[in-house]
Engineer: 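Have a look at this one.
Convention: sequence-line order gives letters A, B, ...; per-chain numbering from 1. Since this is a predicted model, take the numbers as computed values, not measurements.
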Amino acid sequence: MTAKVLITTAIDYVNDVIHIGHAYQKVLADCVARYERLHLGNDNVYFLTGTDEYGTTNEKAAAKRNITPKEHVDEISGLDKKQIDSLNVSYNRFIRTTDEDHKKIAQEFFAKSLAAGDIYKSHYEGLYCEGCESYKTISELNESGQCNLHPTRQIQKIDEEDYFFRWTKYQSFLLELLQNERFVLPEGKRKEMVAFVEQGLKDIPVTRPKYKVTWGIEAPNDPEHVIYVWFDALINYYTAGLQNGFWNDETNIVHFLGKDNARWHVLLWPAMLKSAGLRIPDTIYVHGFVNLNGQKISKSLGNIIRPDELVAQFGVDPVRYYLLKHGPIIDDVNISLDHIKEVYNSDLANGLGNTVARLAKMAEKSGLKFELKSFGSEIFSENWAEPFKDYRVDVALQNIWKLLSEVDKHINENQPWAITDQDKLKTVLTYEVDQVRKIALLIEPYIPTTAKQIQEILGKEIIKSSAPLFPRLQ
RNA sequence: CGCGGGGUGGAGGAAUGGCACCUCGUCAGGCUCAUAAUCUGAAGGUCCCGGUUCGAAUCCGGGCCCCGCAACCA
């Protein structure tokens with residue numbers, strides 16, 4: 001068992017503020033990070049999230065708004081951070097690829113790969129639409145080879161000098177790496193990746209000429225080039241991990257990301273690390289996407305929901321609870337406000353909140369004292385914790401709710417309200433109070449604020465009832 | 001024949017050859033500590049056609065339907 005763990009999310013590109021789909025990933029990683037902190041201790045867990053800020057898109061967006069790229073990315077990154085904070089995500093660092101330390105370390109990384117002979121100069125040939133001002137692949141064009149959005153313009157053939165990364169060199173290394181069943185989770189995604197490598201990789205450009213893009217980290221070997229945005233972005237994990245003592249063999253390194261990012265993280269990133277002679281991550285966990293009312297979340301559909309809007313409506317813990325229980329841990333899922341409300345009422349109001357309320361009331365009425373006990377580390381080998389090995393926070397949560405349901409059953413079967421014998425009453429209520437005290441600990445990774453509230457209500461020798469934790473929604 | 005995922009009671013999800021399971025909802029009953037709560041019980045299901053098998057949601061063939069991806073949108 002490794003003693004330390006580094007948990008990362010993908011860093012979000014700042015072309016737009018993150019929405020509820022991105023937020024799922026942060027909450028997922030946060031839940032795992034909080035679990036690991038309970039398990040391994042705060043100092044042995046490092047949790048990283050942040051923003052990816054370079055590239056032409058941002059340079060152009062800034063020009064359009066008549067501000068500098070830096071001003072543009074500062075603004076969006078700040079808004080992203082606010083969204084993530086609204087969900088009570090306990091990152092150790094919010095990294096930005098424009099941070100000074102990252103620039104330096106990305107250049108050093110690039111230099112290592114260069115020294116290994118894996119970066120070479122060549123021509124990049126591609127298609128370019130002047131209307132879109134972006135590169136196109138053949139599949140993006142219509143039958144007559146024109147851009148769908150600008151069919152009147154002639155597609156330009158671009159042939160520029162770029163530095164390329166010898167991705168092909170690492171093909172067999174990657175296949176070998178993919179033999180490890182824990183390298184990519186869930187299982188289905190690993191197989192997709194194997195299939196992709198088997199089709200054959202192609203070396204890719206890792207720099208852009210400065211006369212086209214200035215908003216990037218300068219290539220250490222050539223002041224006329226900047227490092228391609230994806231190459232630099234991946235390095236963020238190493239930037240933070242290295243400086244905090246989490247990029248080493250004592251650390252279990254886990255990346256959480258969405259399915260669209262799988263190829264880069266599973267196939268390019270390990271090849272880059274290998275080339276630079278650095279440690280490869282242990283597990284890349286790939287989750288699905290969130291759909292809203294059966295539709296893909298997108299700007300053009302105009303159906304974007306921001307995390308803080310949901311938090312304003314339901315509260316931070318209910319949103320976290322919902323995402324962790326019903327989020328796209330493997331496959332895509334569909335969410336709706338009605339479903340969130342339904343789950344809020346059944347699991348939180350009728351479930352957890354009601355159980356705490358009925359128990360607190362009976363404990364108060366009894367006038368008894370309930371001694372405090374502490375729970376040992378053995379609780380992490382119990383059934384509820386098992387699914388965390390595969391990051392199945394949803395299954396672990398179901399197991400925790402089974403414990404809760406057992407308490408309700410126990411109350412109904414023993415009818416503490418009808419017990420007149422004080423000793424017997426104490427035995428029954430003590431068991432039930434202790435069970436819920438334990439549950440309050442187990443839910444900390446999921447709904448930390450509520451966990452604290454329950455600990456305040458029940459975590460005392462003299463228990464007093466209090467207002468409902470989750471008032472029913474009509 | 002570009003690649004891939006999927007179709008399970010009213011809703012959402014499990015189950016990869018062996019009695020179809022869970023949550024929500026619905027219905028009936030119990031209880032009264034609790035937020036119209038909670039407990040017990042019940043009804044209701046494997047997209048269609050064919051095949052393999054003692055046995056198929058699961059494997060094979062065909063069909064219908066949904067959804068992703070196609071090398072920088074979690």
Engineer: Tell me which nucleotide among B/rC39, B/rG12, B/rA71 gets nearest to the side chain of A/W167.
Structural biologist: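 The answer is B/rA71.
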Engineer: Among B/rU23, B/rG5, B/rG30, which is the nearest nucleotide to the side chain of A/N412?
Structural biologist: B/rG30
Engineer: To the nearest angstrom, how far is A/L458 atom CG from B/rC33 atom P?
Structural biologist: 19 Å
Engineer: How about A/Y91 and A/F47: are their ring centroids closer than 6.0 Å?
Structural biologist: no
Engineer: The side chain of A/A349 lies closest to which of these nucleotides: B/rC33, B/rA70, B/rU35?
Structural biologist: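 Looking only at side-chain atoms, A/A349 lies closest to B/rU35.
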Engineer: Please evaluate residues A/D118 and A/Y170 with respect to the criterion side chain to side chain donor-acceptor pair (under 3.5 Å), reporting the C-alpha separation (whole Å), side-chain torsions for both, the decisive distance (0.1 Å), and the verdict.
Structural biologist: CA-CA 10 Å; A/D118 289 336; A/Y170 294 97; 2.4 Å; yes
Engineer: Touch check for A/R263, heavy atoms < 4.0 angstrom, all strands: base, sugar-phosphate only, or nothing?
Structural biologist: sugar-phosphate
Engineer: Pick the closest RNA chain B nucleotide for A/Q415 and for A/H326 by heavy atoms, then say which residue is nearer the 5' end.
Structural biologist: A/H326
Engineer: Donor-acceptor pair, distance only, cut-off 3.5 Å: does the side chain of A/Y446 make one with the backbone of A/V393?
Structural biologist: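 Flag set: sc A/Y446 to bb A/V393 pair under 3.5 Å.
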Engineer: Within the 4.0 Å heavy-atom criterion, would you say A/F470 contacts the bases, only the backbone, or no part of the nucleic acid?
Structural biologist: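 It contacts base atoms.
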Engineer: Without decimals, in angstroms, what is the distance between A/Y322 OH and B/rG13 C1'?
Structural biologist: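 Going from A/Y322 (OH) to B/rG13 (C1'), I get 11 Å.
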Engineer: Over all strands shown, is A/V290 touching base, sugar-phosphate only, or nothing at heavy-atom distances under 4.0 angstrom?
Structural biologist: base
Engineer: Please state the C1' separation for the pair B/rU53 and B/rG61 - nearest whole angstrom.
Structural biologist: 16 Å
Engineer: Taking atom P of B/rU38 as reference, at what distance in whole Å does atom CG of A/L348 sit?
Structural biologist: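 Result: 12 Å.
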Engineer: Out of B/rC33, B/rU38, B/rC39, which nucleotide sits closest to the side chain of A/N354?
Structural biologist: B/rU38
Engineer: Determine the contact category for A/P471: base if any of its heavy atoms lies under 4.0 Å from a base atom, sugar-phosphate if only primed atoms, P, OP1 or OP2 are that close, otherwise nothing.
Structural biologist: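 Answer is base: heavy atoms of A/P471 come under 4.0 Å of a base.
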Engineer: Quick check against the 3.5 Å criterion: does A/R263 have a side-chain atom that pairs as donor or acceptor with the backbone of A/L268?
Structural biologist: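 Here the side-chain-to-backbone pair does not exist.
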Engineer: Quantified in whole Å, what is the C1' atom distance between nucleotide B/rC24 and nucleotide B/rG9?
Structural biologist: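 Straight-line distance between the two C1' atoms is 13 Å.
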Engineer: Taking the side chain of A/D408 as its heavy atoms from C-beta onward, which of B/rU35, B/rC39, B/rU32 lies nearest to it?
Structural biologist: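 My answer, after comparing the listed nucleotides, is B/rC39.
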Engineer: Determine the Euclidean distance between corresponding C1' atoms of B/rU23 and B/rU32; express it in Å to zero decimal places.
Structural biologist: 26 Å
Engineer: Rounded to whole angstrom units, what separation is found between the NE2 atom of A/H410 and the C1' atom of B/rC31?
Structural biologist: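 After rounding, the gap between these two atoms is 16 Å.
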Engineer: For nucleotides B/rC59 and B/rG18, find the distance between their C1' atoms and express it as a whole number of Å.
Structural biologist: 14 Å
Engineer: Is the closest basic N to carboxylate O distance between A/R182 and A/D282 below 4.0 Å?
Structural biologist: no
Engineer: In whole angstrom, give me the gap between the C1' atoms of B/rU8 and B/rG2.
Structural biologist: 30 Å
Engineer: Only pairs with both distances under 3.5 Å count, Watson-Crick or wobble alike; so what is the partner of B/rU40 in this structure?
Structural biologist: B/rA28
Engineer: Report, as yes or no, whether the 6.0 Å neighbourhood of atom NZ on A/K82 holds more than 12 heavy atoms from other residues, nucleotides or ligands.
Structural biologist: no
Engineer: Select base, sugar-phosphate, or nothing to describe what A/L359 touches, counting heavy atoms under 4.0 Å on all strands.
Structural biologist: nothing
Engineer: Return the pairing partner of B/rU35 with a 3.5 Å limit on both distances, Watson-Crick or G-U wobble; otherwise return none.
Structural biologist: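 Result: none.
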Engineer: Please work out if A/Y24 contacts a base, only the sugar-phosphate, or nothing of the nucleic acid, heavy-atom cut-off 4.0 Å.
Structural biologist: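 Counting heavy atoms under 4.0 Å across all strands, no contact is made by A/Y24.
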Engineer: Between A/H339 and A/N345, which is nearer to the 5' end of RNA chain B once each is assigned its nearest nucleotide?
Structural biologist: A/H339
Engineer: My understanding is that a pair needs two contacts under 3.5 Å, Watson-Crick or G-U wobble. By that rule, which nucleotide pairs with B/rG12?
Structural biologist: B/rC22
Engineer: Regarding A/G200, tell me which of base, sugar-phosphate or nothing describes its non-hydrogen contacts under 4.0 Å with the strands shown.
Structural biologist: base
Engineer: Suppose you measure atom P in B/rG68 against the same atom in B/rG25; what distance do you get, rounded to whole Å?
Structural biologist: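 Here B/rG68 and B/rG25 have their P atoms 30 Å from each other.
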Engineer: Looking at B/rA57, which nucleotide sits across from it as a Watson-Crick or G-U wobble partner, both distances under 3.5 angstrom, or is there none?
Structural biologist: none
Engineer: Atom CG of A/D347 to atom P of B/rG13: distance rounded to whole Å?
Structural biologist: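 So the CG-P distance, A/D347 to B/rG13, works out to 15 Å.
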Engineer: A/D331 side chain: which of B/rC33, B/rA71, B/rG5 is closest?
Structural biologist: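 Selected nucleotide (nearest to the side chain): B/rG5.
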Engineer: Over how many whole Å does the gap from A/D332 atom CG to B/rC66 atom C1' extend?
Structural biologist: 12 Å
Engineer: In the strands shown, is B/rA71 matched to any nucleotide by a Watson-Crick or G-U wobble pair with both distances under 3.5 Å, and which?
Structural biologist: none
Engineer: Between B/rC39 and B/rC31, how far is it from one C1' atom to the other, in whole Å?
Structural biologist: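 Approximately 7 Å lies between the C1' atom of B/rC39 and that of B/rC31.
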Engineer: When rounded to the nearest 0.5 angstrom, what is the spacing between OH in A/Y238 and CG in A/L48?
Structural biologist: 14.5 Å
Engineer: Output the single nucleotide from B/rC73, B/rC24, B/rA71 whose closest atom is nearest the side chain of A/K202.
Structural biologist: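 Of the options given, the side chain of A/K202 lies nearest B/rA71.
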Engineer: With a 4.0 Å cut-off on heavy atoms, is A/K26 in touch with a base, just the backbone sugar-phosphate, or nothing at all?
Structural biologist: nothing
Engineer: Suppose you measure atom C1' in B/rG7 against the same atom in B/rU46; what distance do you get, rounded to whole Å?
Structural biologist: 10 Å
Engineer: Hey, does the side chain of A/D232 reach the backbone of A/A106 with a donor-acceptor pair shorter than 3.5 angstrom?
Structural biologist: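 No; judged by distance alone, with no hydrogens or angles, the pair does not exist.
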Engineer: Any idea which of B/rU40, B/rC31, B/rC73 is nearest the A/K409 side chain?
Structural biologist: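 Of the candidates, B/rU40 comes closest.
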